[in-house]
Student: 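Got a structure for you, written out below as structure tokens; questions coming shortly.
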Amino acid sequence: MDAATITSWMHEIDAAMRAERDHLVQLDAAIGDGDHGTNMVRGFEAVTQALAADAGSPPGRLLIISGRTLVSTVGGASGPLWGSALRNAGRVLGDQQTFDGKQLAEVLAAALGAVKDLGTASLGDKTMVDALEPAVNALRERLAARDSTTVALAAAAEAAETGMRATIPLQARKGRASYLGERSVGHQDPGATSTALIIRALQRAVSAPA
Ligand code: ADP
Ligand code: MG
């Protein structure tokens, strides 16, 4: 995996957010302010544009540029959260030109660490952590069990989707949805939903390189 993997990942995310924009808007309209789909589309559209203007940088640098772009283009909570996630993720790779599955797991773990540091959410708070943390754990476990990176990523994407669905019965304890208290129960968290899309996009980017 290399810089092209990161570029392909960001393009896959961009396509997934466009395809699911209305769904993400609906989910956020139910327990938030209805901007999550437009936030994510605006952010990742800007990311793909920023990367197009920056050909030739190493993969870690591309992640840092992507994170910085999200912070500067997305107003909602998801902008700073995913922005610091990708910047932290990029730092793991330094100036390396290539990376392997184990390093990719550390990249995603660093992203999770940034989200938890900034947002102070734990598993079960009905946030993007509920999709990202199971994905990181599944990726690490499968790689430790000597599965290939593509097989491990498929398991990570499934774990993220399971975590996403598991947010439905939860009461939100962080973010805008927490203002609803018990009325947040019975709805799938929008940020966990877009996070599951982001992990699925990574699986596609790694499995079918452009
Ligand atoms: P906003 O809530 O500012 O309108 P978005 O609608 O773009 O921002 O994003 C909402 C999502 O952000 C939520 O569904 C949740 O997953 C995530 N989120 C909000 N606050 C936190 C937090 N403190 N930690 C982790 N994720 C959070
Ligand atoms: Mg919102």
Side-chain angles (χ1 to χ4, degrees), residues 10 13-48 63 66-89 107-138 156-157 159-202:
M10 296 303 138
I13 296 174
D14 180 41
M17 294 307 156
R18 285 167 196 270
E20 292 297 314
R21 176 176 57 197
D22 292 351
H23 181 221
L24 295 172
V25 162
Q26 282 163 21
L27 292 174
D28 196 36
I31 57 170
D33 56 357
D35 63 355
H36 189 60
T38 41
N39 282 344
M40 296 302 275
V41 167
R42 186 190 312 119
F44 283 96
E45 186 171 41
V47 165
T48 57
L63 285 168
S66 300
R68 186 181 300 161
T69 305
L70 288 179
V71 170
S72 63
T73 55
V74 180
S78 52
L81 287 167
W82 265 111
S84 24
L86 294 184
R87 283 189 312 203
N88 221 33
V107 164
L108 274 196
L112 172 65
V115 169
K116 292 179 83 167
D117 281 350
L118 183 63
T120 69
S122 306
L123 202 64
D125 285 349
K126 197 178 180 104
T127 71
M128 56 176 73
V129 171
D130 291 343
L132 189 52
E133 188 159 304
V136 170
N137 291 339
E161 286 156 8
T162 302
M164 164 193 93
R165 286 189 291 272
T167 63
I168 296 172
L170 297 176
Q171 179 172 333
R173 284 196 289 253
K174 292 286 172 189
R176 212 177 273 282
S178 66
Y179 308 156
L180 290 182
E182 285 179 4
R183 282 184 295 137
S184 63
V185 171
H187 300 277
Q188 185 168 299
D189 180 61
T193 307
S194 58
T195 298
L197 293 172
I198 288 171
I199 305 300
R200 198 48 93 180
L202 177 60

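Sequence positions, counted from 1, serve as the residue numbers for this chain. Keep in mind it's a predicted model, so treat the numbers as computed, not measured. Just so you know, ligand 1 is whichever comes first in the structure, and atom 1 is the first atom listed for that ligand.
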Student: Only one of V74, I198, I13, N39 forms a side chain to side chain contact (heavy atoms under 4.5 Å, CB included) with W82, so which one is it?
Tutor: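 Going through V74, I198, I13, N39 one by one, the side chain to side chain contact (heavy atoms under 4.5 Å, CB included) with W82 is satisfied by I198 alone.
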
Student: For the 3.5 Å polar cut-off, considering only N or O atoms, please tell me whether G191 and ligand 1 meet it.
Tutor: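 Right, the criterion is met.
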
Student: Heavy-atom contact under 4.0 Å between P190 and ligand 1?
Tutor: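 Yes, P190 has a heavy atom closer than 4.0 Å to ligand 1.
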
Student: Nearest protein heavy-atom contact for atom 14 (O) of ligand 1: which residue, which atom, what distance?
Tutor: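 Sorting protein heavy atoms by distance from atom 14 (O) of ligand 1 puts D189 OD1, 2.6 Å first.
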
Student: Measuring from the Mg ion (ligand 2), name the closest N, O or S atom belonging to D33.
Tutor: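 Of the nitrogen, oxygen and sulfur atoms in D33, the Mg ion (ligand 2) lies nearest to OD1.
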
Student: So which protein heavy atom does atom 17 (C) of ligand 1 come closest to, and at what separation?
Tutor: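 The closest one turns out to be M128 CE, 3.9 Å.
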
Student: Would K174 count as a polar contact of ligand 1, with the cut-off being nitrogen or oxygen pairs under 3.5 Å?
Tutor: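 The answer is no, given that K174 and ligand 1 share no N or O pair closer than 3.5 Å.
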
Student: Any sub-3.5 Å donor-acceptor pair from K126's side-chain atoms to Q171's backbone N or O?
Tutor: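 Checked: no pair found.
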
Student: For atom 3 (O) of ligand 1, what is the closest protein heavy atom, and at what distance to 0.1 Å?
Tutor: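 Ranked first by proximity to atom 3 (O) of ligand 1 is A77 N, 2.8 Å.
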
Student: At what distance is the nearest protein heavy atom to atom 2 (O) of ligand 1, and which residue and atom is it?
Tutor: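 For atom 2 (O) of ligand 1, the nearest protein heavy atom comes out as R176 NE, 3.5 Å.
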
Student: Which residue and atom name correspond to the protein heavy atom nearest atom 10 (C) of ligand 1, and how close is it?
Tutor: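 Answer for atom 10 (C) of ligand 1: H36 ND1, 4.0 Å.
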
Student: Is there a nitrogen or oxygen of T120 sitting under 3.5 Å from a nitrogen or oxygen of ligand 1?
Tutor: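 No; every N/O pair is 3.5 Å or more apart.
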
Student: Select the closest option to atom 19 (C) of ligand 1 among S122, A121, A192, G175, judged by heavy-atom distance.
Tutor: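 When every heavy atom of S122, A121, A192, G175 is considered, G175 comes closest to atom 19 (C) of ligand 1.
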
Student: Which residue holds the protein heavy atom closest to atom 18 (N) of ligand 1, what is that atom called, and what is the gap in Å?
Tutor: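 Nearest neighbour among protein heavy atoms for atom 18 (N) of ligand 1, to 0.1 Å: L81 CD1, 3.8 Å.
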
Student: Of all the N, O or S atoms in D35, which has the shortest distance to the Mg ion (ligand 2)?
Tutor: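 Among the N, O or S atoms of D35, the one closest to the Mg ion (ligand 2) is OD1.
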
